Amino acid sequence: MLDNNTLEFSPLDSDEDPIDILRQKIRHSAAHVMADAVLQLFPEAKIGIGPATKDGFYYDFEVSVPFTPEDLETIESLMKKIIASNHSFERTELAKNAALEKFDNQPYKIELIDNLSPEVAISTFSHGTFEDLCQGPHVHSTKDIKAFKLLNIAGAYWRGNENNTMLQRIYGTAFENKEALEQHLTNLSEAEKRDHRTLGKALDLYSTHEEIGPGLTVWNPKGARLRAIIEQYWRDLHTNHDYEPVYSPHIGKANLWETSGHLGFYNENMYAPMEIDEQQYYLKPMNCPFHIMVYKSSLRSYRELPLKLSELGTVYRYERSGVLHGLMRVRGFTQDDAHIFCTPSQIEDEIGKVLDLTFELLSAFGFMDYSIALSTKPEKSVGEVEMWEHSTNSLKRAIESRNLPYTIDGGGGAFYGPKIDINIKDALDRDWQCTTIQFDFNLPERFKLVYQDDNGDRTQPYMIHRAIFGSIERFIGVLIEHYGGAFPVWLSPVQAIIIPISDRHLDYAETVKHELTLAGVRTNVDSRRDRMNAKIRDAQMQKIPYMIVMGDSEEADKTVSVRLRDGTNLGPIPIENLVNRINLEVSHKTIT
RNA sequence: GCCGGUGUAGCUCAGUGGUAGAGCGGCGGUUUCGUAAACCGUAGGUCAAGGGUUCAACUCCCUUCAUCGGCUCCA
């Protein structure tokens, strides 16, 4: 059994880098200055906590009237004054009683002090007239906060618990100099431009409708094309890796979900049942019970194992309205799901194969940076201790045999089994949760799964859930943001747009289109009565990789003039050369 | 779900207690053009929905819906 306590270590930390340590100090100090300013402007405010974060800082306040954007400006100018006053940050250590007394009109601080472990020295940091319970560290003086900006206001529950009071949180960011702040603000607006919700609309990929309902997506033709390409590649790859595709329905009877236990432990995320012929049916939140039924459709022999059943299965889960977000968090989505049924001796090898498949699949889409986390047995769990140990070790060995760096989330596994989660890092260095590989000791037991082993005995198989994209919707959302909408050629819904210079080139344009289409290129003729320049601009904004311009000379020479979306003009080339070039990029899945 | 913001034409947005505007897009026409926006004309809106206040509401108030920023980075 893995020891949760000793093996635990925290994910790769920013604390190593001196600039990050400095920023942390600056930001934490800025948070103090902000609390100082807020208390000066709103003396009756109660202060919560004010930590530095990955990109900035925040502070939580209880105020009778929520802050307005104008308040933010006022607070910001007062902060500037405080910073300019060049107050030094002073640390004071004090006894618990003294601390309680000092903060006796700050109930949240009192709560924090009461919860501090007795071994920790209680300290405060002060600058000017403001003093805050804090273990530091801070910069020397307020003037070391060289550049900051308040960003937004949000509600936040005290300690993140929705049973607690809702406080008003002000977010801001701070840097060691103006340039770094400017750079950060530029990055923020860059991220905004890449927002998949904006691009999804601009590129006409998908849409959502009030009439349909929140968290439910319809794919417009271009998005559907992209999705179909992704799914086709996924299917082909899975076939090559010995997965058997299956299909399952969207609803199933109540007793199925009772047996699986979902009605018990997953009820909150399931939609209300519908009654059909006096039977209750539920919309599926997961595919596993159906795949289990496929498994159970015949008595399995050990010779059939591992049995790997795969499906792009659409599931529906209730998500609280406030957490829905574009394609990233929705109520109806498609998992690239598979369930592996195997013998104990096969698990390590199978986990390894899933890892290999994962990296093969994700790298094809240009994701090369991963962070891997292994989650071990939580306090409350089902399944034999030996199974946990065997599985956890096999997960660990599979990762280590591939020399992959990983972290361990001690006790972070599901109650039914240990798991590996893999996040991908996108072009803006943001992490996205995709892949999960999970053991399940619960369902084989509940559904009484067996196989006939080589002694003729009936034995319970191991079962592994795994999804590599996680959700197709979210994965496409990530793809959109990663590429800023300029997809690699193999994924581009429209790979080439044909732009005739004038109407008299339309026939030749159609000929070229025909040839390209025959060669498998997704292309269209822009036959609108518009000038070439306008068509090019349009194609640029649609981020179409190839713009094929043609006029008299191309028609005469049977060539095409090719412009790439980065502005490069390849000049006139034979159609065949273009086709070869595109096909090469498609078959290599070249990232452009 | 909760706190706050937003909702005006297909899209992006302006607007006022006296019943609505631009640009782009669409459509019609003129132009036939050489690598990021030709020109002219024209149609299109119960100002998210419902209720209330008012002589009068897109504007003020309430409710609902949708959407955006957040809601365990822990002194």
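The model shown is predicted, which means the values in this text are computed figures rather than measured ones. Each chain gets a letter, A, B and so on, in the order its sequence line appears, and its residues count up from 1.
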Closest non-hydrogen atom pair between A:N164 and A:Y157, with its separation |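 The answer is O-CD2, 3.5 Å.
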Considering all heavy atoms, the nearest A:R565-A:S492 contact |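 Closest pair (atom of A:R565, atom of A:S492, distance): NH1-OG, 4.0 Å.
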Rounding to a whole Å, what distance do you find between [X]:[atom1] and [N]:[atom2]?
{"X": "A:Q24", "N": "B:rA75", "atom1": "CD", "atom2": "C1'", "value": "14 Å"}
{"X": "A:D552", "N": "B:rU35", "atom1": "CG", "atom2": "C1'", "value": "16 Å"}
{"X": "A:D526", "N": "B:rA37", "atom1": "CG", "atom2": "P", "value": "14 Å"}
{"X": "A:R320", "N": "B:rC3", "atom1": "CZ", "atom2": "P", "value": "13 Å"}
{"X": "A:Y108", "N": "B:rC71", "atom1": "OH", "atom2": "C1'", "value": "14 Å"}
{"X": "A:N152", "N": "B:rU6", "atom1": "CG", "atom2": "P", "value": "15 Å"}
{"X": "A:D507", "N": "B:rU32", "atom1": "CG", "atom2": "P", "value": "19 Å"}
{"X": "A:I170", "N": "B:rG69", "atom1": "CD1", "atom2": "C1'", "value": "14 Å"}

Mapping A:A52 and A:G567 to their closest nucleotides on RNA chain B, which lands nearer the 5' end?
->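 Looking at RNA chain B, the more 5' nearest nucleotide goes with A:G567.
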Which comes earlier along RNA chain B counting from the 5' end, the contact point of A:E554 or that of A:G326, where each point is its nearest nucleotide?
->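 The 5'-side residue here is A:E554.
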Dot-bracket encoding of pairs in RNA chain B, which uses [ ] for pseudoknotted crossings and | for another strand, Watson-Crick or G-U under 3.5 angstrom | (((((((..((((....[..)))).(((((.......))))).....(((((..]....))))))))))))....
Would A:F57 and A:F148 satisfy ring-ring contact (aromatic ring centres under 6.0 Å, His included), going step by step from the backbone distance to the final call?
-> CA-CA 10 Å; A:F57 62 89; A:F148 79 98; 7.4 Å; no
Determine the interatomic distance between [atom1] on [N] and the same-named atom on [M]; round to the nearest Å.
{"N": "B:rG51", "M": "B:rA57", "atom1": "C1'", "value": "13 Å"}
{"N": "B:rG69", "M": "B:rC27", "atom1": "C1'", "value": "39 Å"}
{"N": "B:rC65", "M": "B:rG50", "atom1": "C1'", "value": "10 Å"}
{"N": "B:rC55", "M": "B:rU46", "atom1": "P", "value": "28 Å"}

Looking at [X], I'd like to know whether one of its side-chain N or O atoms comes within less than 4.0 Å of OP1 or OP2 on [N].
{"X": "A:R528", "N": "B:rG25", "answer": "no"}
{"X": "A:R169", "N": "B:rG70", "answer": "no"}
{"X": "A:H505", "N": "B:rG34", "answer": "no"}
{"X": "A:K201", "N": "B:rU12", "answer": "yes"}
{"X": "A:Y59", "N": "B:rC73", "answer": "no"}
{"X": "A:R197", "N": "B:rC68", "answer": "yes"}
{"X": "A:R531", "N": "B:rU35", "answer": "no"}
{"X": "A:S502", "N": "B:rC33", "answer": "no"}

Which is true for [X] with a 4.0 Å heavy-atom rule: it touches a base, it touches only sugar-phosphate, or it touches nothing?
{"X": "A:D538", "result": "nothing"}
{"X": "A:S561", "result": "base"}
{"X": "A:A121", "result": "base"}
{"X": "A:L151", "result": "nothing"}
{"X": "A:F67", "result": "nothing"}

Per [X] side chain, nearest of listed nucleotides [options]:
{"X": "A:L116", "options": "B:rC33, B:rU35, B:rA75", "answer": "B:rA75"}
{"X": "A:Q135", "options": "B:rG34, B:rA75, B:rU35", "answer": "B:rA75"}
{"X": "A:K109", "options": "B:rA75, B:rU35, B:rA36", "answer": "B:rA75"}
{"X": "A:M532", "options": "B:rG1, B:rC73, B:rG34", "answer": "B:rG34"}
{"X": "A:A534", "options": "B:rC73, B:rA37, B:rG1", "answer": "B:rA37"}
{"X": "A:H325", "options": "B:rU35, B:rG69, B:rG1", "answer": "B:rG69"}
{"X": "A:A154", "options": "B:rG34, B:rC73, B:rG70", "answer": "B:rG70"}

Side chain to side chain donor-acceptor pair (under 3.5 Å) evaluation trace for A:D426 with A:W432 = CA-CA 8 Å; A:D426 75 7; A:W432 298 99; 3.0 Å; yes
Assess whether atom NE2 of A:H209 is packed by more than 12 heavy atoms of other residues, nucleotides or ligands within 6.0 Å.
->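 Atom NE2 in A:H209 is crowded, with more than 12 foreign heavy atoms closer than 6.0 Å.
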Just wondering, more than 12 heavy atoms not from A:E192 lying within 6.0 Å of its CD?
->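 Result for CD/A:E192: open.
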Salt bridge (charged side-chain N to carboxylate O under 4.0 Å, His left out) with A:D132: which of A:K109, A:K102, A:R91?
->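 Filter result, single survivor: A:K109.
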Heavy-atom check, side chain of A:L263 versus side chain of A:Y282, under 4.5 Å |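 Answer yes - side chains close enough.
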Any side-chain heavy atom of A:D538 within less than 4.5 Å of one from A:D530?
->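 With C-beta onward as the side chain, the pair stays apart.
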For the residue pair A:F125 and A:H138, categorise the inter-ring angle as parallel (less than 30°), tilted (30 to 60°) or perpendicular (more than 60°).
->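 Taking A:H138 first and then A:F125, their aromatic rings sit tilted (interplane angle of 30° to 60°).
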Check whether the side chains of A:T142 and A:H87 place a donor and an acceptor atom closer than 3.5 Å, and report yes or no.
->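 No, A:H87 and A:T142 have no side-chain donor paired with an acceptor closer than 3.5 Å.
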Is A:R27 close enough and on-axis enough to A:F175, meaning under 6.0 Å and within 45°, for cation-pi?
->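 Because its charged atom sits under 6.0 Å from the ring centre and within 45° of the axis, A:R27 does stack over A:F175.
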Between the base of [N] and the side chain of [X], is there a donor and acceptor pair under 3.5 angstrom?
{"X": "A:N533", "N": "B:rU35", "answer": "no"}
{"X": "A:Y157", "N": "B:rG1", "answer": "yes"}
{"X": "A:T68", "N": "B:rG4", "answer": "no"}

A:Y59/A:F61 under ring-ring contact (aromatic ring centres under 6.0 Å, His included): CA gap, chis, key distance, verdict = CA-CA 7 Å; A:Y59 215 113; A:F61 305 94; 5.3 Å; yes
Quick one, give me the B/S/- string for nucleotides 58-65 of chain B, reading 5' to 3', where B means a protein heavy atom under 4.0 Å from the base and S means that only happens at the primed atoms, P, OP1 or OP2.
-> -------B
